[in-house]
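Reading through the structure tokens given below for one structure.
Just so you know, these numbers come straight off a predicted model, no measurement behind them. Ligands are counted one by one from 1 in listed order, and the atoms in each one are counted from 1 as well.
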Amino acid sequence: MKVLHTIAALREALPQPGANAFVPTMGNLHEGHLSLVRQAKGHGLPVVASIFVNRLQFAPHEDFDRYPRTLVRDCELLESAGCDLVFAPDERELYPQPQTFKVQPDPALADILEGHFRPGFFTGVCTVVMKLFGCVRPQVAVFGKKDYQQLMVIRRMVEQFALPVTIEAGETERAASGLALSSRNGYLSDEERAKATELAAALKALGQAFVQSPERRAELEAQALAGLKARGWLPDYLTVRRRSDLGEAQAGDRELVALGAAKLGNTRLIDNVEL
Ligand code: PAF
């Protein structure tokens, strides 16, 4: 497996555009990322993974500085999962000048939910993903459903800019306890890790309650929020949305997803459950 740090070296290694399958990451990898790599491998193309902690998608008060940088271990894991090439640029390589051209996603999709609580987050994500696509020029790129809204925003960006890449969704990997795997789980104490399963459980319960009484959506969401608060969490949202556009689910809607974000101690976790 090659590990390359510059765009020039990457271009040399991948002279033909559209001939690889790509998994973008911020490193600190876990089984969730590796399952995306194995999925990408299924296309029979060389698999490229990127590792880059993207400052543009972090607000000043967020965890950019303490986000774990674990390149050596990440590369070992990627190699074991069958990855062929790792692109791991540093900031000077990917942002040699301040990145003043940015991709501004549709506010209807990107200013709600995560975008409401993390203003500018999806502009940062779209900008780096557009840039990484320009560097890697993949045929297929795989994004995890764990970041459900991110996956949708990227799909829309690719459609609207007619980018020559197919976006594929990877299923969320979970620990036996039900906790969705996430790099940020590493911030949790043992006690918090045990408690963290409550978020997925609350989303499941909310989804089931909505299916029983869809006309009570707002009340059920408020109850779910209050329930997590009572258990010591600081929830941002727990809500049932249409999968197609993340609009608020109404009675009669099908293809739904319950999404949530909440802080446990200093760690903000997100999760979702398709209904
Ligand atoms: O999901 C992530 O890890 C990041 O948002 C991504 C897609 C690699 C962009 O920095």
Side-chain angles (χ1 to χ4, degrees), residues 7 10 20-37 39-40 47-59 62-71 73-75 77-78 81 83 85-91 93-95 99 102-105 109-110 113-115 117-138 140-158 161 163 165-173 180-187 259 261 267-272:
I7 297 171
L10 183 72
N20 65 79
F22 179 40
V23 181
T25 82
M26 296 205 302
N28 195 227
L29 303 182
H30 50 69
E31 190 49 40
H33 297 106
L34 302 184
S35 77
L36 303 182
V37 169
Q39 183 170 333
V47 172
V48 179
S50 63
I51 298 178
F52 180 68
V53 185
N54 174 38
R55 187 187 290 276
L56 291 187
Q57 69 191 74
F58 290 80
E62 291 182 339
D63 54 344
F64 176 78
D65 287 328
R66 69 174 179 134
Y67 203 89
R69 272 80 167 171
T70 51
L71 183 65
R73 168 104 184 106
D74 290 344
C75 288
L77 290 172
L78 285 169
C83 181
L85 195 162
V86 177
F87 178 47
D90 66 13
E91 273 201 296
E93 178 66 16
L94 211 60
Y95 298 135
Q99 183 71 29
K102 295 195 177 136
V103 179
Q104 197 66 58
L109 192 58
L113 306 172
E114 281 304 282
F117 288 95
R118 303 183 69 190
F121 171 68
F122 287 115
T123 298
V125 169
C126 287
T127 302
V128 80
V129 170
M130 179 73 103
K131 194 152 187 173
L132 289 168
F133 283 172
C135 297
V136 176
R137 300 178 297 171
V140 181
V142 189
F143 289 82
K145 281 193 192 176
K146 161 79 179 13
D147 294 294
Y148 205 86
Q149 192 178 2
Q150 168 174 282
L151 168 66
M152 291 199 57
V153 169
I154 299 291
R155 276 196 198 286
R156 281 282 173 86
M157 175 179 86
V158 164
F161 287 107
L163 301 180
V165 55
T166 302
I167 302 301
E168 228 176 63
E171 293 301 325
T172 301
E173 293 287 316
L181 300 192
S182 161
S183 300
R184 289 190 169 97
N185 292 350
Y187 298 147
L259 304 119
T267 308
R268 186 173 181 280
L269 299 177
I270 66 171
D271 202 352
N272 64 80

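Counting the atoms of ligand 1 from 1 in the order shown, those under 4.0 Å from a heavy atom of T25 are 8 (C). Listed by number with element, the atoms of ligand 1 under 4.0 angstrom from any heavy atom of V128 are 9 (C), 10 (O).
Taking all heavy atoms of M26, Q57, R55 into account, the minimum distance to atom 9 (C) of ligand 1 is reached by Q57.
K146 places no side-chain N or O within 3.5 Å of a backbone atom of A180 that could act as its donor or acceptor partner.
With Y148 as the aromatic partner, R155 does not meet the cation-pi criteria of under 6.0 angstrom to the ring centre and within 45 degrees of the ring axis.
Here the heavy atom of the protein found nearest to atom 1 (O) of ligand 1 is Q150 NE2, 2.8 Å.
Atom-to-atom distance recorded for H30:NE2 and N185:CG is 7.0 Å, nearest 0.5 angstrom.
A donor-acceptor pair shorter than 3.5 Å can be found between the side chains of Y95 and N54.
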